[in-house]
Amino acid sequence: MVPIFICENDPIQRNRLEDIINKYIMIEDYDMAITISTDNPYEILEYLDNHENTRGAYFLDVDLGQDINGIQLGAEIRKKDVFGRIIFVTTHSELMSLTFTYKVEAMDYIIKDEPENIQRKVQGCLKQINDYYTSEITKEEDRIKLKINDQIRIFELKDIMFFETTELSHKIKLHLTHNRLELYGNLKELEELSDSFVRVHKSYLINKNNIVTIDKKKREVTMVNGEVSLISVRKMKLLV
Amino acid sequence: MNPSILKNKKSFLLLLLMIGSAGIVSDMYPFINDLVFFLFIFLLTTRIQKTQNIFLSTIVVVCPFLIVGILSFFNPISLNFLLNLNIRITIAIVLLELYLYLMVYLISYIVKTKFLPFVHSQQKEKLTAAIFIGIFVLHQSFEIYTFYFGNNWLSVVSIVIILAFSVLIYLFIQAISTSQALKLEVEKQQIEVKYMNEYAKETTKQYNEIRKFKHDYVNILSSLEYFIQTKDMNKLAAYYQEFIQPTHESLAKGAFNFQELKNIKSDEIKSIFAIKLLSAREKELDVHIEIPDKIPQKLPINSVSLVRMLGIILDNSIEEASQIANGTVEIGIFEMEMSYLFVIKNSVRENIEPLYQLEIEGYSTKGENRGLGLSNLNEISQKEKNLTLETEITSLAFIQKITLMKGEH
């Protein structure tokens, strides 16, 4: 069961939020329940300290009227529940979309404007949370976990094109469908992460499921997103 | 001796002259041949590959001579072995040739694929180059000495020539490596100066604007006073509409300070954002900034690299966003648990090209150097140890993230 936490200092807003969530969980028959609904941020942190490995969903108001605000609470929660889904509930003037997304890695934010909108947004978030937690259980082998800087991130295999070495010996460049990112590691270790990864070249580790064409003459492999990786002659037989 | 031997034309000519005379000597005394060959190849490499690592090219140049040296040491043994096999002498020689060819190929292959990358990754080019040249010079001196031993004064002269050459080679390498380092340093400083100048220029411009405003303000007040004194309400209203209303707008838009950037304590970082924000304002672009945490003066990175990267990213974002209706740029800087995170996000035109296409050097939809940005950015980022770059493109936005690790990595 996915525990849901609410932190909001306005009792009317809090009751409304509880109401929307409870009703929608019942209608859709989601495996979720509100565990804590409070105006005290420390209550949630205390619960997380006493229940290690909690993986929950959090609806947090930004202005809590306490010594810490919702963003700080979110950052603390993130330390204790790395993959937890955090949603900020905020007024328009407190909107800090980049901070929500990148500092706290919030899943989404809801702006307190018209009640109808709030309801629609909350329901959308619950659906997304449900999708996230159910797909997590079934398809573990279709994703890999990588440490990117100081955070652990999950990547779907279908998004991974190839890994490439850089000028620095411990820095690897990862090519995704629409992303590029750099990480610390080496190709040998990365190769172990999935059976789909093939070391086709001294400097390249590719996901063989995303190959479109292999050009034997130019010694190049074209991936589904149009990117090109090199392949050495001796490694050609690994693929054909 | 002056280390700037490369820039000093006289010393360079002298060097050439010495090689020339050595050429004549080698014609008569073949044992100096190797040395002359070496010098020629060495000079050629350094002249052609100026940008490359001088120590690495030295290693590459010395290697063949060492390979030949090692093999010729084993040659008599191998030949004896072959002759003992009771085969015809021609076959034995052919076999020996084949064996030598194979050995040279094998050793070169190992040097190229294993040894050089290893030396490069360990950053021991300087030491390896010194050892190689040392071995080479010792070997040459030994050969010449044994050849001319006790025979005549030539043995002494040859060794003097060899020693002179090795000193010259050493000075030459020193000169080139210092000039390479200097060039890099100068380039860095030029960039710093450029940004500082831009910043100073913008600040002056703002200061002038404030002064102009002050001046206007006094004028406006006296006019108002006049209309009020004469109790001409119609003119007062007209005057307000025409002159005072507009200043309201310019005050709001101009925002003479960068309140949003107050949490950045590093001057270089602050100035690059300030400059680019001004250029965005000139283009009437909507820029949204979130810097909730204090960003300290001292960051764990060469600030020139970071400023260059931020400059490129901001230029690209402003350029792209200013070309679409309601385009926006969002900037966020955050302190994370173990790092600092810079996020720059901008809206993109419809059907934007895929990332790998935008990244190709010189690629641009508008010609002229625009596409250089992304490939330059990658190049800088790949050289910085404590920094990682992430680039993401969606149908709505282009997002670039720079993460600076706080500790060593």
Side-chain angles (χ1 to χ4, degrees), chain A residues 62 69-72 74-76 78-80 82 94-105 146-151 153 155 159 161-162 164-186 202-203 222-229 232 234, chain B residues 113 117-118 120-123 288-293 328 330-345 352-360 374 377-395 398-407 409:
Chain A
V62 172
N69 63 30
I71 295 168
Q72 288 163 316
E76 286 302 312
R78 179 60 72 220
K79 284 181 197 163
K80 300 173 203 292
V82 178
E94 296 158 356
L95 178 63
M96 300 265 276
S97 57
L98 289 182
T99 312
F100 296 160
T101 318
Y102 296 104
K103 187 172 168 76
V104 191
E105 295 161 70
L146 288 175
K147 190 165 181 281
I148 311 290
N149 300 310
D150 47 357
Q151 42 176 265
R153 279 163 61 177
F155 296 93
D159 274 333
M161 299 299 130
F162 54 86
E164 180 191 358
T165 55
T166 66
E167 278 179 48
L168 287 173
S169 53
H170 296 299
K171 210 168 178 182
I172 301 290
K173 197 167 172 195
L174 167 59
H175 296 244
L176 298 156
T177 317
H178 300 294
N179 268 40
R180 292 299 157 72
L181 54 95
E182 292 167 336
L183 57 119
Y184 299 106
N186 63 54
K202 193 174 65 194
S203 316
T222 307
M223 313 302 290
V224 286
N225 72 342
E227 277 195 87
V228 170
S229 142
S232 64
R234 280 172 302 135
Chain B
T113 58
F118 174 75
H120 188 55
S121 69
Q122 298 289 312
Q123 299 184 323
H288 172 78
I289 298 173
E290 289 172 29
I291 310 175
D293 312 312
T328 57
E330 290 171 74
I331 295 167
I333 311 178
F334 310 106
E335 179 176 8
M336 312 293 277
E337 207 172 335
M338 286 155 68
S339 60
Y340 294 100
L341 174 65
F342 295 74
V343 183
I344 292 149
K345 182 175 174 183
I352 185 140
E353 297 84 347
L355 199 51
Y356 68 94
Q357 213 162 343
L358 295 171
E359 244 175 18
I360 294 168
L374 280 183
L377 191 61
N378 274 316
E379 216 171 277
I380 305 170
S381 141
Q382 294 210 354
K383 284 182 185 142
E384 288 298 334
K385 240 187 353 193
N386 287 346
L387 171 154
T388 58
L389 173 71
E390 176 171 351
T391 311
E392 185 182 357
I393 200 162
T394 70
S395 55
F398 193 74
I399 306 154
Q400 303 217 270
K401 290 193 250 175
I402 293 178
T403 309
L404 278 184
M405 297 305 287
K406 283 178 189 168
H409 230 273

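Owing to the predicted nature of the structure, the values given are computational and were not obtained by experimental measurement. As a basis for the values below, the full set of heavy atoms in this structure was taken, side chains included, without hydrogen atoms, waters or symmetry mates.
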### Message
Determine whether A:F100 and A:V62 satisfy the following criterion, side chain to side chain contact (heavy atoms under 4.5 Å, CB included), listing intermediate values before the conclusion.
### Response
CA-CA 10 Å; A:F100 296 160; A:V62 172; 3.7 Å; yes
### Task
For chain B, find which of A:R78, A:K171, A:E167 contributes the most heavy-atom pairs closer than 4.5 angstrom.
A:K171
### Summary
CG of B:N386 to OG of B:S339, rounded to nearest 0.5 Å, is 11.0 Å
### Message
Nearest 0.5 Å, please: how far is OG1 in A:T99 from CZ in B:F334?
### Response
3.5 Å
#### Entry: Heavy-atom proximity to chain B below 4.5 Å, by part of A:S97
both
### Message
Return the CD1 to CE distance between B:I291 and A:M96, rounded to the nearest 0.5 Å.
### Response
10.0 Å
## Note on the structure
Under 4.5 Å to a heavy atom of chain B? For A:K202 that would be neither
### B:S381 portion near chain A, given a 4.5 angstrom heavy-atom threshold
both
### Task
In sequence, state the C-alpha distance, the side-chain angles, and the governing distance for B:T403 and B:E390, and then conclude on side chain to side chain contact (heavy atoms under 4.5 Å, CB included).
CA-CA 8 Å; B:T403 309; B:E390 176 171 351; over 6 Å; no
### Query
Is A:L181 close to A:R153 at the side-chain level, that is, under 4.5 Å between some pair of heavy atoms?
yes
### Task
Please determine, among A:K79, A:H175, A:H170, the option with the most heavy-atom pairs under 4.5 Å with chain B.
A:K79
### Query
So what's closer than 4.5 Å to chain A heavy atoms on B:L341: side chain, backbone, both or neither?
side chain
### Query
Which one of B:E384, B:Q400, B:E335, B:H288 has the most heavy-atom pairs closer than 4.5 Å to chain A?
B:E384
### Query
Quick one: what part of B:I331 sits under 4.5 Å from any heavy atom of chain A, side chain, backbone, both or neither?
backbone
### Summary
Scored by heavy-atom pairs under 4.5 Å with chain A, the best of B:M338, B:Q382, B:E290, B:E392 is B:E290
### Task
Give, for atom CG of B:D293 and atom CE of B:M336, the distance between the pair rounded to the nearest 0.5 Å.
9.0 Å
